[in-house]
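For the single chain, residues carry numbers from 1 onward in sequence order.
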Amino acid sequence: SSDLLHVLFEHAAGYALFAVTEVEVINMLLPQVEQSVLNIGKFNNIVKLVGFSPFKSAQSALENINAISEGVLHEDLKLLLETNMPAKKKKAILGVGDAKIGAAIQEELGYPCQTGGVVAELLRGIRLHFYSLVKGLTAQSASKAQLGLGHSYSRAKVKFNVNRADRKS
């Protein structure tokens with residue numbers, strides 16, 4: 001009964017949760033993982049999509065991305081994890097891209113979180129092959145979402161930082 005590794009990927013279109021189906025990958029050396037990541041055929045056998053939670057609107061996407069960047073667990077993400085993560089929390093490791101959100105998930109939901117190393121490589125693979133892994137999502141709508149969100153996020157960030165500077169004075 002080895003630990004189950006899941007990986008959380010935040011995309012502009014929504015949150016995607018993947019299960020790592022090849023447990024050996026966790027014990028593989030990084031160069032081996034890097035090789036598998038580049039090959040979609042191999043990579044498809046390593047991870048499989050277990051949950052996808054599309055953002056309901058551009059506004060909702062922005063709120064979620066801001067929450068992630070601030071290390072805050074948003075309701076949407078909480079729901080996705082509670083619905084799709086295994087019931088045995090101690091056995092279920094969640095790989096995340098950012099240590100801050102990992103800490104929030106661990107504190108609120110009790111899943112041990114991991115970042116870096118193999119997790120970082122797996123996330124790179126997911127980013128690379130996202131469209132093939134999330135079949136229902138067309139490449140076009142996903143890239144549109146990314147474009148729109150990029151704009152709103154940088155706008156919000158600028159606004160946010162300006163306000164922050166004011167508060168200090």
Starting from the C-alpha separation in whole Å, work towards a yes-or-no answer on side-chain contact (heavy atoms from CB on, under 4.5 Å) for Leu109 and Lys78.
CA-CA 8 Å; Leu109 301 178; Lys78 194 174 170 179; 3.8 Å; yes

Minimal non-hydrogen separation, [X] against [Y], with atom names:
{"X": "Gly102", "Y": "Cys113", "answer": "O-SG, 3.4 Å"}
{"X": "Val72", "Y": "Ile101", "answer": "O-CD1, 3.3 Å"}
{"X": "His11", "Y": "Tyr131", "answer": "NE2-OH, 4.3 Å"}
{"X": "Lys89", "Y": "Pro112", "answer": "O-CD, 3.4 Å"}

Evaluate the criterion side-chain contact (heavy atoms from CB on, under 4.5 Å) for residue pair Thr115 and Asp98; output intermediate values, then yes/no.
CA-CA 7 Å; Thr115 53; Asp98 186 285; 5.9 Å; no

Looking at residues at least two apart in the chain, or sitting in another chain, which of them share a side chain to side chain donor-acceptor pair (under 3.5 Å) with [X]?
{"X": "Glu63", "result": "Gln59"}
{"X": "Glu75", "result": "none"}
{"X": "Tyr111", "result": "none"}

Residues forming a salt bridge (charged side-chain N to carboxylate O under 4.0 Å, His left out) with Lys56, sequence neighbours excluded
Asp76

Atom [atom1] in [X], atom [atom2] in [Y]: separation rounded to 0.5 Å?
{"X": "Asn64", "Y": "Glu10", "atom1": "CG", "atom2": "CD", "answer": "9.5 Å"}
{"X": "Met85", "Y": "Leu17", "atom1": "CE", "atom2": "CG", "answer": "6.5 Å"}
{"X": "Leu77", "Y": "Glu82", "atom1": "CG", "atom2": "CD", "answer": "10.0 Å"}

I'd like to know whether Val7 forms a side-chain contact (heavy atoms from CB on, under 4.5 Å) with Leu94, so could you lay out the CA-CA distance, the side-chain angles of the two residues, the decisive distance to 0.1 Å, and finally the verdict.
CA-CA 6 Å; Val7 179; Leu94 181 63; 5.9 Å; no

Taking side chain as C-beta onward, heavy atoms only, is Ile105 less than 4.5 Å from Leu81?
yes

Which atom pairs, donor and acceptor, lie under 3.5 Å between side-chain atoms of residues 122-130 and protein residues at least two apart or in another chain?
from: Arg124; atom 1: NE; to: Glu121; atom 2: OE1; distance (Å): 3.1
from: Arg124; atom 1: NH2; to: Glu121; atom 2: OE1; distance (Å): 3.0
from: His129; atom 1: NE2; to: Val37; atom 2: O; distance (Å): 2.7

Could you list the donor-acceptor pairs under 3.5 angstrom formed between side-chain atoms of residues 42-54 and any protein atom two or more places apart in sequence or on another chain?
from: Asn45; atom 1: ND2; to: Gly41; atom 2: O; distance (Å): 3.3

Would you sort out whether Asn84 and Tyr15 count as a side-chain contact (heavy atoms from CB on, under 4.5 Å), showing the intermediate values?
CA-CA 12 Å; Asn84 297 290; Tyr15 294 116; over 6 Å; no

